[in-house]
Asker: 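Have a look at the structure that comes next, please.
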Amino acid sequence: MTQIILVALIVVFCAAYWLQKLAPATLVPFWRTLAGLLRNTQHLTGLRARAERLATPGGLRTGCGSCKNCNSSKGGGCH
């Protein structure tokens with residue numbers, strides 16, 4: 001019984017990881033709920049900050065939006 005629960009948890013965590021990588025907008029409600037639950041506690045501040053970042057549309061950056069060196073005035077870019 002314990003092995004089934006452990007394997008099920010590993011499968012769920014792996015699925016959530018790949019879902020976050022492939023379709024991050026589908027997990028926004030989860031992150032928003034988690035951030036709301038952790039907002040009233042003083043524990044797990046790192047997890048709360050990450051959940052708040054992933055719960056906002058600005059936290060879901062892909063492509064050039066996540067690059068810090070994109071500057072069109074210098075003629076540079078991420079690519």
Side-chain angles (χ1 to χ4, degrees):
M1 183 69 174
T2 305
Q3 291 173 340
I4 294 172
I5 293 172
L6 184 62
V7 169
L9 284 173
I10 291 171
V11 168
V12 167
F13 283 132
C14 288
Y17 172 81
W18 284 108
L19 191 60
Q20 179 66 36
K21 291 290 182 186
L22 297 174
T26 58
L27 289 178
V28 167
F30 168 76
W31 292 118
R32 193 170 289 146
T33 303
L34 184 63
L37 290 173
L38 293 175
R39 189 172 295 128
N40 296 328
T41 66
Q42 295 180 2
H43 305 290
L44 301 171
T45 56
L47 179 62
R48 185 188 72 212
R50 181 168 173 85
E52 287 173 350
R53 185 178 60 84
L54 291 171
T56 59
L60 301 172
R61 294 185 184 129
T62 58
C64 203
S66 62
C67 179
K68 294 182 186 335
N69 295 327
C70 282
N71 190 351
S72 61
S73 66
K74 293 181 182 177
C78 297
H79 309 290

Asker: Hey, what else clusters with V11 if you join Ile, Leu, Val, Met, Phe, Trp, Tyr whenever side-chain heavy atoms sit under 4.5 Å?
Answerer: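 The other cluster members (ILVMFWY side chains, heavy atoms under 4.5 Å, direct or chained) are V7.
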Asker: So, for A55 and W31, which heavy atoms are closest and what is the spacing to 0.1 Å?
Answerer: CB-C, 3.8 Å
Asker: Identify, with sequence neighbours excluded, every residue that meets side chain to side chain contact (heavy atoms under 4.5 Å, CB included) alongside L37.
Answerer: T33
Asker: Using the test side chain to side chain contact (heavy atoms under 4.5 Å, CB included), find all partners of L6 that sit at least two apart in sequence or belong to another chain.
Answerer: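 L6: side chain to side chain contact (heavy atoms under 4.5 Å, CB included) contacts with I10.
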Asker: Minimum heavy-atom separation for L54 and Q20, please, with both atom names.
Answerer: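 Smallest interatomic distance, heavy atoms only, reads CD2-NE2, 3.8 Å.
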Asker: Please round to the nearest 0.5 Å and tell me the distance separating atom CG of N40 and atom CZ of R48.
Answerer: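 Going from CG on N40 over to CZ on R48, the span is 9.5 Å.
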Asker: Could you pull out the closest heavy-atom pair between L27 and A16, with the gap in Å?
Answerer: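 Between these two residues, the closest heavy atoms are CD1-O, 3.6 Å.
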Asker: Going by side-chain heavy atoms closer than 4.5 Å, which hydrophobic residues are tied to I4, directly or by a chain of links?
Answerer: none
Asker: What pairs meet the salt bridge (Lys or Arg N to Asp or Glu O under 4.0 Å) rule with one or both residues in residues 6-24, with sequence neighbours excluded?
Answerer: none
Asker: Rounded to the nearest 0.5 Å, what separation is found between the CG atom of L19 and the OG1 atom of T26?
Answerer: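 Between L19 CG and T26 OG1, I get 3.5 Å after rounding to 0.5 Å.
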Asker: Mind jotting down which residue pairs meet the salt bridge (Lys or Arg N to Asp or Glu O under 4.0 Å) criterion with at least one end in residues 35-46? Sequence neighbours excluded, please.
Answerer: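 Listed once each, the pairs are R39-E52.
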